[in-house]
Amino acid sequence: MNFPNLPQSELLRLYESLTRIRLFEERIVERYHEQEMKTPVHLCLGQEAVAVGVCSRLAREDYIFSTHRSHGHCIAKGMPLRLIAAELYGRESGCAGGRGGSMHLVAPDWGIPGSTAIVGGSIPLAAGAALSAKMQNNGRIAVAFFGDGASEEGSFHESLNFAALHALPLIFVCENNFYATNSPFKARQPECGIAAKGAGYGIPSVTADGNNLGTVYQVAGEAIERARSGGGPSLLEFETYRWKGHVGPACDFEAGCRPKDELERWLERCPHRLYRDGLLGSGQVSCADLDAIERNLRHEIDDAFDFARASAWPDPATLLEHVC
Ligand SMILES: Cc1ncc(C[n+]2csc(CCOP(=O)(O)OP(=O)(O)O)c2C)c(N)n1
Ligand SMILES: [Mg+2]
């Protein structure tokens, strides 16, 4: 484990963020069968370290653009759980007034101008935000989160080209979980890997272990520093794995979507457990410290779900608002 050499407060901040995502999504899994959450949910259980390692290095004003699988990114960027939970329950108090659901999380005050379910859509949006930051010289940077499937879209290549040409303060963060829906990576792409595509445009590009929070933190930090100091874009390909099916709270290996032993191998590399073990091994914190964080987070999640379920439904009279 590449365990980061950081002050105790920062190590705990990372643990808290990682655990907040894990427990929030586990709560969705627990409650989804009640059929009160009508939105489809694309869970990021197993992939949390990428969100935390990247977003923990950003300022609140920096932009992130996420996808259909956005809970982890938005939580790690600081978006309040109440806004997310209420959106999942379709309530007026949700971040998009209950109209958007899980795939359209938005929180401009936390640097989240919008998330999009159009595969590859987050990438040019982030390039636009990075261009605006550069033109205004306001010191902000933008991050595009996207999956391995999105790297097959034209928008990925167009944005790489444009960002390289204009030296945009933009980080391309590809979460390579080796599947696009049920289609395995090897059946879709040649073996050169995703990072090689960035190198083709002259962009500093790396492939790294996305389940090792210390590695993500370090690699993301270098890219962010480069972007902020005028060094232009970077492409970071993080290898990781989603534990649940493409959509919904269930696993999918029973349906033959992927091999059980593959999932089991990745479960052994749980990003949360790896980080927790590293943290305890560092001797800087005790189990009791971590348990206290977890207890507080459970209260925060109870509060968010209670808030969501007690919130009003959107008024039907507003149905056509925001529609052209
Ligand atoms: C342009 C477009 N094509 C197809 C879809 C249907 N679709 C939704 S998610 C998805 C797979 C995306 O895979 P990837 O980019 O690897 O992200 P992951 O789900 O693995 O996080 C597809 C094909 C879509 N939403 N948008
Ligand atoms: Mg994928």
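In each ligand, atom 1 is the first atom listed, and ligand 1 is the first ligand listed. The figures here come from the full heavy-atom set of this structure, side chains too, leaving out hydrogens, waters and symmetry mates. Keep in mind it's a predicted model, so treat the numbers as computed, not measured.
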A.B. asks: Please state which protein non-hydrogen atom is closest to atom 21 (O) of ligand 1 and give its distance, to 0.1 Å?
C.D. replies: Arg69 NE, 2.8 Å

A.B. asks: Could you check atom 4 (C) of ligand 1 against the protein and tell me its nearest heavy-atom contact, residue, atom and distance included?
C.D. replies: Val119 CG2, 4.4 Å

A.B. asks: My understanding is that only residues two or more places apart in sequence, or in another chain, count here; which of them pass side-chain contact (heavy atoms from CB on, under 4.5 Å) with Ala51?
C.D. replies: Ile21, His73, Ala76

A.B. asks: Relative to ligand 1, is His68 under 4.0 angstrom through side chain, backbone, both or neither, heavy atoms considered?
C.D. replies: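 For His68, only side-chain atoms sit under 4.0 Å from ligand 1.
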
A.B. asks: Pick from Lys77, Arg140, Arg228: which one makes a salt bridge (charged side-chain N to carboxylate O under 4.0 Å, His left out) with Asp62?
C.D. replies: Arg228

A.B. asks: Is it the side chain (CB and beyond), the backbone, both or neither of Asp148 that lies under 4.0 Å from ligand 1, heavy atoms counted?
C.D. replies: both

A.B. asks: Using non-hydrogen atoms of the residue, decide whether Ala117 is closer than 4.0 angstrom to ligand 1.
C.D. replies: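 Right, Ala117 reaches ligand 1.
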
A.B. asks: Does ligand 1 come near enough to Ile118 that some N or O of the ligand is less than 3.5 Å from an N or O of the residue?
C.D. replies: no

A.B. asks: Should the heavy atoms of other residues, nucleotides or ligands under 6.0 Å from CD1 of Ile118 be counted, would the total exceed 12?
C.D. replies: no

A.B. asks: Atom 16 (O) of ligand 1: which protein heavy atom is closest, and how many Å away?
C.D. replies: Gly149 N, 2.8 Å

A.B. asks: Who's the nearest protein heavy-atom neighbour of atom 9 (S) of ligand 1, and how far?
C.D. replies: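 Of every protein heavy atom, His246 CE1, 3.3 Å lies nearest to atom 9 (S) of ligand 1.
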
A.B. asks: Should side-chain heavy atoms under 4.5 Å link Ile, Leu, Val, Met, Phe, Trp and Tyr, which residues sit in the same cluster as Leu125?
C.D. replies: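 Besides Leu125, the cluster holds Tyr63, Phe65.
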
A.B. asks: At their closest point, which heavy atom of Ala199 faces which heavy atom of Ser205, and how far apart are they?
C.D. replies: N-OG, 3.4 Å

A.B. asks: Pull out every atom of ligand 1 sitting under 4.0 Å from any heavy atom of Asn177, numbered as shown with elements.
C.D. replies: 18 (P), 20 (O), 21 (O)

A.B. asks: Is it the case that over 12 heavy atoms from other parts of the model lie below 6.0 angstrom from the CD atom of Glu321?
C.D. replies: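 Yes, the 6.0 Å shell around CD holds more than 12 heavy atoms from other groups.
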
A.B. asks: Would you call the rings of Phe146 and Phe156 parallel, tilted or perpendicular, taking 30° and 60° as the class edges?
C.D. replies: tilted

A.B. asks: Answer side chain, backbone, both or neither: which part of Arg242 comes under 4.0 Å from ligand 1, heavy atoms only.
C.D. replies: neither

A.B. asks: Can you name the nearest heavy-atom pair linking Ala195 to Thr207, along with the distance?
C.D. replies: CB-OG1, 3.3 Å

A.B. asks: What are the protein N/O/S atoms, named by residue and atom, that sit under 2.8 Å from the Mg ion (ligand 2)?
C.D. replies: Asp148 OD1, Asn177 OD1, Tyr179 O

A.B. asks: One residue to check: Tyr179. Relative to ligand 1, which of side chain, backbone, both or neither has a non-hydrogen atom less than 4.0 Å away?
C.D. replies: backbone

A.B. asks: Check this for me, if you would: do Arg295 and Asp291 make a salt bridge, where the nitrogen-to-carboxylate-oxygen distance has to be below 4.0 angstrom?
C.D. replies: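 No, no charged N to carboxylate O under 4.0 Å.
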
A.B. asks: Which residue holds the protein heavy atom closest to atom 15 (O) of ligand 1, what is that atom called, and what is the gap in Å?
C.D. replies: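 Going by distance alone, atom 15 (O) of ligand 1 is nearest to Ala150 N, 3.0 Å.
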
A.B. asks: Got a sec, which residues hit salt bridge (charged side-chain N to carboxylate O under 4.0 Å, His left out) with Arg22, two or more places apart in sequence or on another chain?
C.D. replies: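 For Arg22 the salt bridge (charged side-chain N to carboxylate O under 4.0 Å, His left out) partners, ignoring immediate neighbours, are Glu48.
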
A.B. asks: Quick one: CG on Leu23 to CD on Glu300, what's the gap to the nearest 0.5 Å?
C.D. replies: 10.0 Å

A.B. asks: Which heavy atom of the protein is the closest neighbour of atom 11 (C) of ligand 1, given with residue, atom name and distance?
C.D. replies: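 Sorting protein heavy atoms by distance from atom 11 (C) of ligand 1 puts Thr181 OG1, 3.4 Å first.
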
A.B. asks: Roughly how far, to the nearest 0.5 Å, is CG of Leu297 from OG of Ser17?
C.D. replies: 9.0 Å

